[in-house]
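Quick notes on the structure that follows.
As a basis for the values below, the full set of heavy atoms in this structure was taken, side chains included, without hydrogen atoms, waters or symmetry mates.
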Amino acid sequence: MKMKAASVFLEKIKRTGSRLAVQEELSAKRSKSRWFIVGSPVIAMLYTIAVFIFPYSENLLYILACIVLMAAASWADIKEKQIPVVVLGSIFIINIFHSVFFIGNYSSWVVAAVFSALLLGVHLIKKDAIGTGDIMLLGLGISSLAAENILLFLFLSFILSSIVGIVLLAVKKNLKAIAVP
């Protein structure tokens, strides 16, 4: 991945003829990612503090924190084709805290690990089929659910990504240019 980023960087320098233009573009990307670096741990800390103050509202707080963090991860994946590690780490910490202290459901973690391993195998066979960030996000999504909701989650996530792919195909009309997160 780093070799690809370096070759893209060198290609942009060749096209623009200036390192300054490329540096400005990288600086703009870094400023966008600062929101993730600061915001994700803040949401995780707020969740942790709030569940001690309002333990009876833990499930609602958990759902809200997961929705915000997964929406941020999805947005970053769509816009930048990369999910910030800090967002994934915050979701992971919240999921562990929720599982250990409140529900004690460990079967979803086993299903998440098996499903992630299967998707990792698909990724290793065909790199363009699914990205590692998508694999981690799906695994974390599965681990945050009760066992009876896992199949519904997988069905909805694949249906929604298919709908996005169909819409992109209708808009771009170029099958090679479409990458569906």
Side-chain angles (χ1 to χ4, degrees), residues 1 28-123 129-168 179-181:
M1 190 66 169
K29 281 188 176 183
R30 284 189 199 111
S31 68
K32 288 179 188 176
S33 67
R34 286 185 188 129
W35 287 104
F36 293 115
I37 292 170
V38 173
S40 299
V42 166
I43 290 171
M45 287 188 314
L46 287 175
Y47 164 78
T48 307
I49 293 167
V51 296
F52 284 119
I53 297 171
F54 307 108
Y56 296 109
S57 300
E58 188 275 335
N59 198 35
L60 176 65
L61 295 169
Y62 175 71
I63 291 169
L64 289 173
C66 282
I67 286 173
V68 168
L69 290 171
M70 290 216 182
S74 297
W75 183 82
D77 190 22
I78 290 168
K79 290 291 185 184
E80 301 174 10
K81 307 262 189 279
Q82 185 176 11
I83 299 175
V85 175
V86 70
V87 175
L88 293 172
S90 297
I91 295 171
F92 184 71
I93 289 168
I94 288 174
N95 284 347
I96 288 177
F97 194 80
H98 177 71
S99 293
V100 170
F101 292 111
F102 291 98
I103 62 170
N105 182 10
Y106 305 111
S107 62
S108 61
W109 286 91
V110 174
V111 172
V114 169
F115 191 74
S116 296
L118 289 172
L119 287 178
L120 186 61
V122 169
H123 173 73
I130 190 166
T132 53
D134 298 324
I135 294 169
M136 288 186 255
L137 195 58
L138 274 171
L140 288 171
I142 292 170
S143 68
S144 67
L145 297 171
E148 60 269 7
N149 296 331
I150 292 173
L151 285 176
L152 177 65
F153 170 77
L154 290 173
F155 177 75
L156 287 176
S157 63
F158 287 118
I159 287 294
L160 289 174
S161 65
S162 298
I163 291 170
V164 168
I166 291 168
V167 169
L168 288 174
V180 180

Show the nearest heavy-atom pair for residues I94 and L69, with the distance to one decimal. CD1-CD1, 3.5 Å

I want to check something: taking the side chain as every heavy atom from C-beta on, are M70 and I91 in contact at a cut-off of under 4.5 Å? yes

Can you tell if the side chain of C66 reaches within under 4.5 Å of the side chain of N95, non-hydrogen atoms only? yes

Could you walk me through whether F97 and F52 pass the ring-ring contact (aromatic ring centres under 6.0 Å, His included) test, one step at a time? CA-CA 12 Å; F97 194 80; F52 284 119; 5.7 Å; yes

Distance (rounded to the nearest 0.5 Å) between F155 CZ and L160 CG: 9.5 Å

Say you draw a straight line from CG of L156 to CD1 of I163; how long is it, rounded to the nearest 0.5 Å? 9.5 Å

For the CG atom of L154 and the CD1 atom of I142, what is their distance to the nearest 0.5 Å? 4.5 Å

Residue set satisfying side-chain hydrogen bond (donor to acceptor under 3.5 Å, both in side chains) with S90, at least two apart, ordered chain then number -> none

Nearest 0.5 Å, please: how far is CD1 in I43 from CG in L61? 12.5 Å

Step through the shown structure and confirm whether more than 12 heavy atoms of other residues, nucleotides or ligands are within 6.0 Å of CZ on F54. no

Can you measure from CG (L119) to CE (M136) and round to the nearest 0.5 angstrom? 12.0 Å

Within 6.0 angstrom of L151 CG, more than 12 heavy atoms from elsewhere: no

Establish, yes or no, whether a centroid distance under 6.0 Å links the rings of W109 and F92. yes

Straight-line distance of M45 CE to S40 OG, nearest 0.5 Å: 11.0 Å

S116 and G139: which non-hydrogen atoms are nearest, and at how many Å? OG-CA, 3.4 Å

Any H98 side-chain heavy atom under 4.5 Å of N59 side chain: yes

